[in-house]
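Note on naming: letters A, B, ... go to the chains in the order of the sequence lines (proteins, then strands), and numbering restarts at 1 for each one.
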Amino acid sequence: MPAYPVKVQPPTEDKRWGLVMATMKRHGYQSNAMIETLHTVQESFGFLDDDSLRFVSKALNVPLSKVYGVATFYHFFTLKPQGKHTCVICMGTACYVKGAGELMETIAKKYNVHPGETTDDGNLSLVTARCIGACGLAPAGVFDGEVNGKLTVADTLTKLTKWE
Amino acid sequence: MTLEELQEIKAGEELARSQKKKSIHVCVAAGCMSQNAEAVLNTIEGQLKEKGLAKEIDVKGVGCMGLCAAGPLVSIEPENRMFQEINPANAFLVTDNLEKGKKTTNDLASDSPFFKRQYKIVTENCGVINPERIEEYIAFDGYLGLYTVLHDLDQNEVVQNLIKSGLRGRGGGGYPTGLKWSTVAKAVGSKKYVICNADEGDPGAFMDRSVLESDPHRILEGMAIAAYAIGADEGFIYVRAEYPLAISRLKVAIKQAERKGLLGNNIFGTTFNFTISIRLGAGAFVCGEETALIASIEGGRGTPRPRPPYPAESGLWGKPTLINNVETFANIAPIIRKGADWYASIGTETSKGTKVFALAGQVVNTGLIEVPMGMSLREIIFDIGGGIPGGRKFKAVQTGGPSGGCIPEEFLDIKVDYESLTKLGSIMGSGGMIVMDENSNMVDVARYFMEFCMSESCGKCVPCRVGTAQIYDILTKFAERRATEADLTLLEELCDVVRNTSLCGLGQSSPNPVLSTLKYFKHEYMERIQAEVNQE
């Protein structure tokens with residue numbers, strides 16, 4: 001490991017890299033900043049592509065294999081671009097007991113998309129969550145960042161139709 | 001910060017409160033927030049301004065009031081008149097009824113068993129204070145515990161206090177907290193760490209989230225007291241990235257505490273220094289296990305390692321580390337303030353104090369409750385929870401998440417504590433409590449949990465990685481009615497192997513849902529076998 005952190009230039013001119021650089025700087029370019037850095041990359045760009053993984057690996061002086069390992073280990077990180085809209089259906093126990101499975105099936109069937117995938121036109125990503133902690137309002141979902149509780153099949157479809 | 005300054009802030013808050021005639025509390029924890037509580041808050045403020053009451057009546061957003069099912073909740077203080085399901089369109093019900101008297105359609109009886117049967121220690125400030133103002137926390141004796149500890153007690157006395165209180169780890173393991181603290185305090189090394197485990201991964205549990213969102217300073221104070229007792233100067237809160245509201249409130253709280261000199265260097269004019277930083281999880285259930293959590297804070301994949309050495313000896317970056325759950329830390333300040341004897345007087349012989357449960361599933365009053373240890377499951381589900389909706393029949397209650405088990409009706413009268421639940425093949429766990437009615441099929445429930453464990457297994461040890469997948473396959477056979485008698489035997493054997501040979505708690509406890517349903521609902525498994533025989 002070099003005595004001084006080697007300053008690595010971001011892969012593109014994109015201004016969003018500034019945020020990523022700031023996170024790494026805040027942690028002194030330590031290798032343990034990797035998860036925090038990947039969070040910032042995903043927040044800024046929506047997903048982790050190969051270039052960003054390579055960049056993080058160089059900037060933090062961690063083998064690419066390790067960065068890739070971390071990025072694929074945690075569910076929160078995604079290596080594929082997300083659709084224009086994201087619909088998260090909570091599959092926690094409380095939601096499951098109250099019919100989240102049925103909700104999921106209906107959406108998957110109607111939009112012809114499997115959980116964890118994006119529709120062919122890139123409009124809708126269907127995501128499952130382990131538990132979003134809104135068990136009191138089961139079944140719950142997150143529509144483009146907005147948490148909604150006590151979902152029925154009908155009002156879920158109404159929400160999704162608005163995005164079409 | 002000095003004691004005088006602390007008291008000054010408290011007096012200032014009390015004065016401000018006495019100058020207002022009434023105060024309206026709007027719940028802005030995640031549950032109500034997702035039902036538009038912020039708009040309710042703004043609407044009420046606007047309506048008071050129109051009526052020219054803005055000066056007399058205080059309006060504030062507060063933490064979780066508990067009854068999430070009836071949200072957004074609003075209450076008028078000091079008389080504690082509660083309203084349920086308030087939205088911007090019917091917010092006038094609150095502002096038109098500030099004086100006692102007229103009953104409205106949205107009244108919520110604040111003397112119902114749901115509220116009356118609870119005993120609040122951890123959640124005493126939830127629904128009372130504005131979580132984003134440190135002054136309000138101080139007004140309710142916040143940081144007084146930390147002052148007492150720093151000025152009146154030496155490190156050993158703090159640990160002795162904790163041991164005497166009988167507090168046990170609230171993350172699920174139930175290890176005596178005082179004992180853990182004393183081990184870390186005795187560990188050799190000049191650098192030690194305190195970690196707060198806020199990686200609440202159990203599906204069906206949201207106690208920690210609610211506490212973090214409603215009363216974040218309580219956690220900071222608990223961690224600071226722990227740091228003093230064990231001789232640490234750096235702390236981490238490992239919190240799920242799925243809880244954005246909790247994260248932002250924690251950040252606000254840490255900043256406020258730093259500005260007031262309650263975190264940082266020379267706290268309360270002593271030589272004690274302590275800083276706290278936040279680390280985000282990234283959606284891995286196994287990171288709730290302490291060694292995996294440490295690996296994750298260090299920036300790697302969250303895989304557990306064999307213990308010993310325990311984190312108390314060799315934890316974060318090889319240094320002695322104390323890891324406690326959010327709820328455990330939330331208990332610390334009250335124990336210091338009110339005394340270990342007071343705390344030890346609540347609860348049962350072996351389990352002291354209270355426990356926060358997240359009551360969810362097929363029960364009328366879903367939400368957050370805190371009850372003394374030793375209350376029976378029946379009281380929790382039927383008195384506080386209001387029973388099963390729609391007149392359906394109770395079937396089982398699932399405690400402890402994917403590591404726990406299902407408890408059938410005949411055991412509803414047992415008193416809830418660590419030992420009694422373990423005896424029934426379940427665990428206390430972190431406090432998720434999912435009620436299931438007759439419509440739930442137990443084989444499907446077991447399969448659901450096994451699917452969870454299978455996908456959350458980190459893959460490091462074989463019994464867990466392969467075993468959970470094999471158990472899941474067998475359960476799928478049952479679900480599809482392809483199973484035979486031999487499958488049942490194999491299932492039992494496999495569960496035994498996975499339980500006894502897995503590396504960490506995730507694997508060891510993953511067969512619990514299967515074993516407990518096999519024990520109490522074997523006929524449902526048998527039905528699926530017989531169905532096949534009949535077809536032939």
Ranking Cys458(B), Gly367(B), Gly459(B), Gly299(B) by heavy-atom pairs under 4.5 Å to chain A gives rank one to Gly299(B)
Interatomic distance, Met21(A) atom CE to Tyr29(A) atom OH [nearest 0.5 angstrom]: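 It is 4.0 Å, given to the nearest 0.5 Å.
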Just checking Lys110(A): does its NZ atom have more than 12 heavy atoms from other residues, nucleotides or ligands closer to it than 6.0 angstrom? yes
Bottom line for Asp202(B): the part with an atom under 4.5 Å from chain A's heavy atoms is backbone
Starting at OG of Ser31(A), measure out to NZ of Lys66(A) and round the result to the nearest 0.5 Å.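 That separation rounds to 5.5 Å.
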> If you round to the nearest 0.5 Å, how far is CG of Leu67(B) from CD1 of Ile384(B)?
Replying inline: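 Answer rounded to 0.5 Å: 11.5 Å.
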ask   = So does Glu146(A) have more than 12 non-hydrogen atoms from other groups sitting under 6.0 Å from CD?
value =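 No.
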Heaviest contributor of heavy-atom pairs below 4.5 Å to chain A, chosen from Arg279(B), Glu242(B), Glu200(B), is Arg279(B)
Q: Indicate whether the side chain of Glu234(B) and that of Thr275(B) have a donor and an acceptor atom separated by less than 3.5 Å.
A: no
All heavy atoms of Asp444(B) vs all of Ala479(B), minimum pair found to be OD1-CB, 4.1 Å
*Contact part of Leu245(B) toward chain A, heavy-atom cut-off under 4.5 Å: side chain, backbone, both or neither?*
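Answer is neither: Leu245(B) stays 4.5 Å or more from chain A.
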field: Under 3.5 Å side-chain donor-acceptor pair for Asp208(B) and Asn325(B)
entry: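 On atom types as modelled, these side chains qualify, holding a pair under 3.5 Å.
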*Grab the two heavy atoms, one from Leu212(B) and one from Ala198(B), that are nearest each other, plus how far apart they are.*
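What the structure gives for the nearest pair is CD1-CB, 3.8 Å.
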Could you grab the distance from atom OG of Ser125(A) to atom CG of Asp144(A), nearest 0.5 Å is fine?
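Interatomic distance, Ser125(A) OG to Asp144(A) CG, rounded to 0.5 Å: 9.5 Å.
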Turns out that what part of Ala205(B) lies under 4.5 Å from chain A's heavy atoms comes down to backbone
Whatever's closer than 4.5 Å to a heavy atom in chain A on Ile434(B) counts as side chain
- Item | Cation-pi, Tyr193(B) ring and Lys319(B) (6.0 angstrom, 45 degrees) |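 Pair Lys319(B)/Tyr193(B) does not count as cation-pi.
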- Task: Answer with yes or no whether the side chains of Glu117(A) and Tyr111(A) bring together a donor and an acceptor at under 3.5 Å.
- Result: no
Worksheet item: Residues of residues 75-96 of chain A under 4.5 Å from chain B (heavy atom pairs)?
Response: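 His75(A), Phe76(A), Phe77(A), Met91(A), Gly92(A), Thr93(A), Ala94(A), Tyr96(A) fall under the 4.5 Å cut-off.
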Check your understanding: Is the shortest side-chain N to carboxylate O distance from Arg209(B) to Glu213(B) below 4.0 Å?
Key -> yes
Whatever's closer than 4.5 Å to a heavy atom in chain A on Phe449(B) counts as side chain
For this session: Taking atom types as modelled, find out whether Asp155(A) and Thr152(A) have a side-chain donor-acceptor pair closer than 3.5 angstrom.
Result: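 Note: Asp155(A) and Thr152(A) side chains meet the donor-acceptor criterion.
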Most heavy-atom pairs under 4.5 Å with chain A, out of Gly201(B), Ala360(B), Ser296(B), belong to Ser296(B)
What part of Ser277(B) is in contact with chain A, defined as an atom under 4.5 angstrom from a non-hydrogen atom: side chain, backbone, both or neither?
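Neither part.
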* Apply side-chain contact (heavy atoms from CB on, under 4.5 Å) to the pair Asn365(B) and Leu359(B), showing each step before the final yes or no. => CA-CA 8 Å; Asn365(B) 300 328; Leu359(B) 201 53; 5.6 Å; no
**Prompt:** Under a 4.5 Å heavy-atom cut-off, does chain A meet the side chain of Val286(B), its backbone, both or neither?
**Reply:**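 Side chain only.
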So, the part of Ala358(B) with a heavy atom under 4.5 Å from chain A: the answer is neither
In terms of heavy-atom contacts, Val364(B) and Ile388(B) come closest through CG2-C, 4.1 Å
(message) Which atoms of Arg301(B) are under 4.5 Å from chain A, going by heavy atoms: the side chain, the backbone, both sets, or neither?
(response)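 For Arg301(B), the contact with chain A is made by backbone and side chain together.
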| query | With respect to chain B, which residue among Ala138(A), Gly69(A), Ala140(A), Gly149(A) yields the maximal number of heavy-atom pairs within a distance under 4.5 Å? | reply |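 With the most close heavy-atom pairs to chain B, the winner is Gly69(A).
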_Using a 4.5 angstrom heavy-atom cutoff, name the option from Ser34(B), Ala282(B), Gly281(B), Pro402(B) with the most pairs to chain A._
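Highest number of pairs under 4.5 Å: Ala282(B).
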Requested in this report: Please list, in residue-number order, every residue in residues 35-53 of chain A that has a heavy atom less than 4.5 Å from any heavy atom of chain B; write 'none' if there are none.
Outcome: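 Result: Ile35(A), Glu36(A), His39(A).
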Can you say whether Leu368(B) sits under 4.5 Å from chain A via the side chain, the backbone, both, or neither, judging by heavy atoms?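 Answer is neither: Leu368(B) stays 4.5 Å or more from chain A.
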- request: Have a look at Val356(B) and tell me which of Ile369(B), Thr123(B), Val326(B) forms a side chain to side chain contact (heavy atoms under 4.5 Å, CB included) with it.
  value: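 Testing Val356(B) for a side chain to side chain contact (heavy atoms under 4.5 Å, CB included) against Ile369(B), Thr123(B), Val326(B) leaves exactly one candidate, Thr123(B).
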- Query: Do we see a donor-acceptor contact under 3.5 Å between the side chains of Asp121(A) and Thr119(A)?
  - Reply: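 Result is yes, a qualifying pair exists.
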Answer key: most heavy-atom pairs under 4.5 Å with chain B among Lys98(A), Met34(A), His27(A), Gln30(A) is Lys98(A)
When the 4.5 angstrom heavy-atom criterion is applied to Ser455(B) and chain A, the contacting part is both
*When heavy-atom pairs shorter than 4.5 Å are enumerated against chain A, which of Gln362(B), Gln398(B), Arg240(B) gives the highest number?*
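Ranked by heavy-atom pairs under 4.5 Å with chain A, first place is Gln362(B).
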Per-residue tally against chain A (heavy atom, under 4.5 Å) across Ala284(B), Gly302(B), Ala30(B), Gly300(B) peaks at Gly302(B)
Quiz item: Stepwise, does the side-chain contact (heavy atoms from CB on, under 4.5 Å) test hold for Cys464(B) with Leu506(B)?
Solution: CA-CA 8 Å; Cys464(B) 176; Leu506(B) 193 160; 4.1 Å; yes
